[in-house]
Each structure stands twice: as C-alpha cells, then as structure tokens.
Amino acid sequence: MASGSARWGRGDAGRAAAQAAKDAAAQAFLELDTVQRDVRISVEAVAASDNSPNARRAIADFAALGTRIDQVSSEYITALDAHDLDAEDLDHGSANQARQQLDHARQQLVDVRTELERFAGFLQPLVAAAETQLAQVGPAVQRAKQSWLAASNALDAVKAARIGADDLSRRLAALGPQLTLLGEGAGKHGVQAILRTATDVQRSAEAIRAEAERLPEQAREIDQRLASLRTRTQALETRAGNIGPTLSELRRRFSSACWVDLQNVPEQTEAAVRNAQQRLAEAAKARDEQRWPDAVSILATTRTLLNTADGAVATVNERLHSLNEAQRAPQAEIERTRFALRDAQRLAMAGRSAPDPRHAGPLDAAVERLDRAADALTGRHPDYWHFLTELAAVRETAAQVVQAIREERGAGHR
C-alpha cells in the first residue's frame, strides 16, 4: 500500500504540472488571438487608406506573421489534442510529456505574440495616418447622401408641380451604383476611392438639385415673357392699324421724297405681327414640352422682331412730327444748327490767331451745306426731309470737329 500511495502521489503531481502547462498555454493562445485581432483591424485600416511602399510591406509582413501564427496555433492544438489530462490511467511519463509539449507550445505562442507586438509598434505611424484619412470618410459619405436626398426631394417637388423632369430623374438614378459603393465602405474599396466617389455623388446631386429647383422658376419666367410679348404683339397690331392714316397725311402734305422710304412699313408691320404670333405659338409649345433653351431662343428672336417692327412704326410717326415742325418753323431748325456750328468755330479759334485747316475745312463746308439746304426750301412742296437730314449731317460734322479738338488738347496738342 505504501508503494501504491507513492505512485499515485507522483501521478497526481505530474497531472497537476501538465494541467498548469495546459492552462498557461491556453492563456498564451487567448492573448495572441486578442493581439492578432487588434493588429488585423489596424492593418485593414492601413490597407484601405494607404498604398505606399511602407504600407504594402506592412501588409505583406502581417500576412507572413499570420502564417507563423497559424503554424504555432496548429502545434498548440495538436499538443492539446494529444493528451487527455483527465484520463484516470494517465501515468507520470505521459503527464510529463504533455507538460513539455504544452510548455513548448506556450513558448512559441508567447514568442510569436512578441513578434506581433513589435510589428504593431512599427505599424503605429501608418495606423495614425490611416485613422486621419478614415476620419474623413464618414462625413464625406454623409454629405454625399444628404445631397442625394436633397436632390430627390427637389425632384419630388417638381413632379408635384406637374413639371416633368425625366432627364434629371435619370441622372439621379444613375448615381445608384456609386451610392452602393459608398455603402460597401472603405474596407472594400479603399479610402481614396470612397472619398472620390463621395465627392462625385455630392457634386452631381447638388447640380441636379439646383436644376430641379430652377425648373419652376424657369417656367414662371418663360410664362411671364410669353405674356409680355403677347401684349406687345397685340399693341403692335393696334398701332399697325394707325400707320395707314399717318402715311396718307404724309402723301397728301409732303413731297414723295419725304415718305417714299416708308411706304412698305404697313405691309412689313403686318408681316411682323403674323410672324410674332407664329413664333409665340412655337415658344408656348416648347415651354409645354419643357424644351427650355428652345423656348428662350424663340422668345429672344420674337423680341428682336418686335423691336424692329416697333421701330419702323415709330419712324412713321416721328417722320410726320419732324416734317410738321420743319414746315411750321424751319428757321428754328436752321438757328439750332447755326448755333452748333458757331460753338464749334469758337472752340477752333480758342487760343489761336487762325484755325487749324483740319478743323476749319469741315466747318466751312458745313456752313455752305447749311446754306444750300435752307435755300432749297422753295416751291409748293419743298423737300423738308432732305432739309432735315442735311441739317442733322451738319450738326454731326460740328460735333465731330469739337470731339477732335478736345481729344487733341487733352493729349497736349494745341
């Protein structure tokens, strides 16, 4: 019995030592697994945000460490599975062998954990840089999604106003794959790709939103311009009806030279009215079909057409008024022109004993031209229009001479 008791005692001590080795190895395995998980997260952050040589080397080194970790972990599990420390027939030799194998496995686990911790220290600067970049990802993705949502809401408002926006809707829908990429994140696509995509989505969505918000305003502007030009066209049509009596008075009271250039204005104005009405119908159709650039272009052409026609009608009325004034008081027009000439002559003589021939010549010719125009007002129906155009040309000559003198004196020439 004494010898049996001693044998069981030695077996119990060996089993306890082996169990302690098993527990220590298990602790080392858990600690290694914890460190490996932490370092893997850091490496994934670096891989997502950095493609530099240092980052690529770190990723390769971690892969090599992973192989080493798998190897020692496998040896640990093999040692663990090789011995049943709870077996009743476990002898001292088997317990000692188990202890040795588990101690060896623990040491390998500790050694590789030490390597992994050294690697984590080397990785730290890369991790810090990666975290800085990763910190930009969340806000950038959020801004992109908010811009997309704002564009979607703007399109909903446009549709509620019964304004089509099919092209804008297609453009917004085309951003779907990019939104999916943003949802998959930097871990799959990398930080730079995510940031670029977020910027693209934000920019595109904001452009769509701006255009969508512009549509109702654009429609209102075109409607206002259509209404304004319709009113102008109606007014022109009314004024066109008064051209005939005005031309009749011109023909009755003045020579043909005073009105011959205006005799086609009634037909031209009527054609302009018809043309404007047709153009406005085209613009309204373009507006209804939301061909905004076409509508704007047609309206601009219509405005130019109406401006020209309005000018022609105004010319007829102004011609009658001018001829009436010239017939009533031709001397007043002559005196106004002589005053302009005398003013130019005084300026030409200022500070000089004799005028510069460059100034005197045109002024002398203008005086003669004025005298001839005044003398031509003879007969039953004088050409008052020729009289008025001649006097206007004389005043223009005087103004040109005055301008030339002032420019020369401004430049320091006398």
Side-chain angles (χ1 to χ4, degrees), residues 229 231-277 279 301-345 359-404:
L229 291 177
T231 300
R232 282 192 61 184
T233 301
Q234 292 168 357
L236 177 62
E237 188 173 19
T238 300
R239 293 176 64 198
N242 298 325
I243 298 176
T246 303
L247 278 175
S248 295
E249 184 174 353
L250 284 169
R251 293 189 186 103
R252 185 178 68 254
R253 294 177 48 209
F254 299 98
S255 64
S256 62
C258 294
W259 49 260
V260 68
D261 59 317
L262 304 176
Q263 60 183 350
N264 292 326
V265 170
E267 293 79 8
Q268 293 169 351
T269 305
E270 290 174 4
V273 169
R274 290 193 301 271
N275 197 353
Q277 291 170 338
R279 292 299 183 93
T301 301
T302 306
R303 179 179 290 103
T304 300
L305 174 67
L306 291 174
N307 287 343
T308 301
D310 281 338
V313 173
T315 297
V316 174
N317 294 323
E318 291 167 2
R319 180 73 58 86
L320 178 59
H321 175 75
S322 298
L323 293 173
N324 280 337
E325 290 299 308
Q327 185 183 54
R328 184 182 64 81
Q331 194 60 37
E333 192 73 12
I334 293 171
E335 289 303 319
R336 183 162 76 96
T337 305
R338 289 196 189 282
F339 177 83
L341 281 172
R342 286 195 295 269
D343 187 56
Q345 290 168 336
H359 307 145
L363 291 176
D364 290 344
V367 170
E368 294 175 2
R369 191 174 183 180
L370 170 60
D371 291 340
R372 287 195 301 271
D375 292 343
L377 291 180
T378 58
R380 185 164 178 264
H381 290 293
D383 190 347
Y384 286 106
W385 185 237
H386 175 74
F387 168 74
L388 290 173
T389 54
E390 283 294 282
L391 266 59
V394 168
R395 290 193 296 273
E396 177 61 24
T397 297
Q400 291 173 353
V401 170
V402 168
Q403 180 66 24

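Throughout, numbering of the chain's residues begins at 1 and tracks the sequence. Treat the numbers as computed from the prediction; the structure is a model and nothing was measured. Note that these values count all heavy atoms, side chains included, but never hydrogens, waters or copies made by symmetry.
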Tell me, please, which residues at least two apart from [X] pass side chain to side chain contact (heavy atoms under 4.5 Å, CB included).
X    : value
E396 : Q400
E249 : R252, R253, L320
T315 : L262, R319
E318 : A314

For the [atom1] atom of [X] and the [atom2] atom of [Y], what is their distance to the nearest 0.5 Å?
X    : Y    : atom1 : atom2 : value
L236 : T308 : CG    : OG1   : 10.5 Å
L250 : I243 : CG    : CD1   : 11.5 Å
L377 : I334 : CG    : CD1   : 6.0 Å
T233 : L306 : OG1   : CG    : 4.5 Å
N242 : L247 : CG    : CG    : 11.5 Å
N317 : T246 : CG    : OG1   : 5.0 Å

Exercise answer: donor-acceptor pairs, residues 265-272 side-chain atoms, under 3.5 Å, sequence neighbours excluded:
residue: T269; atom: OG1; partner: V265; partner atom: O; Å: 2.7

Practice problem: Report yes or no: does W385 contribute a side-chain atom to a donor-acceptor pair with the main-chain N or O of A257 at less than 3.5 Å? | Solution: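 Side chain of W385 to backbone of A257: no pair is present.
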Practice problem: Sequence neighbours left out, what pairs pass salt bridge (Lys or Arg N to Asp or Glu O under 4.0 Å) with at least one residue falling in residues 382-394? | Solution: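 Matches after skipping sequence neighbours: R369-E390.
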Quiz item: According to the salt bridge (Lys or Arg N to Asp or Glu O under 4.0 Å) rule, which pairs have a member within residues 308-317, sequence neighbours left out?
Solution: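 Salt bridge (Lys or Arg N to Asp or Glu O under 4.0 Å) check on residues 308-317 returns R232-D310, R239-D310.
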Compare every heavy atom of [Y] with every heavy atom of [X], then report the nearest pair and how far apart it is.
X    : Y    : value
V394 : A366 : CG2-O, 3.6 Å
P362 : T397 : O-CG2, 3.8 Å
A276 : L305 : N-CD2, 3.6 Å
T378 : D375 : CG2-O, 3.4 Å
A398 : A340 : CB-O, 3.8 Å
V260 : Q263 : O-CG, 3.2 Å

Quiz item: Do V316 and W259 have side-chain heavy atoms sitting under 4.5 Å apart?
Solution: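 Of all side-chain heavy-atom pairs linking W259 with V316, none is under 4.5 Å.
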Practice problem: State, yes or no, whether a side-chain contact exists between F387 and P330 at a heavy-atom distance under 4.5 Å. | Solution: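 F387 vs P330: side chains touch.
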Quiz item: Under the side-chain contact (heavy atoms from CB on, under 4.5 Å) criterion, do N324 and F254 qualify, and how do the steps go?
Solution: CA-CA 10 Å; N324 280 337; F254 299 98; 3.8 Å; yes
Self-check item: Any residue meeting side chain to side chain donor-acceptor pair (under 3.5 Å) with Q234, in chain and number order, not counting sequence neighbours
Solution: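 Q234 satisfies side chain to side chain donor-acceptor pair (under 3.5 Å) with no residue once adjacent residues are dropped.
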Practice problem: Under the side chain to side chain donor-acceptor pair (under 3.5 Å) rule, collect the residues that match up with R372, sequence neighbours excluded. | Solution: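 Per chain and number, R372 pairs via side chain to side chain donor-acceptor pair (under 3.5 Å) with no residue.
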Practice problem: For residues 333-345, pull every pair meeting side-chain hydrogen bond (donor to acceptor under 3.5 Å, both in side chains), keeping only residues two or more places apart or in separate chains. | Solution: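 Sorted pair list: Q331-E335, E333-R336, E333-R395, T337-R395, R338-D371.
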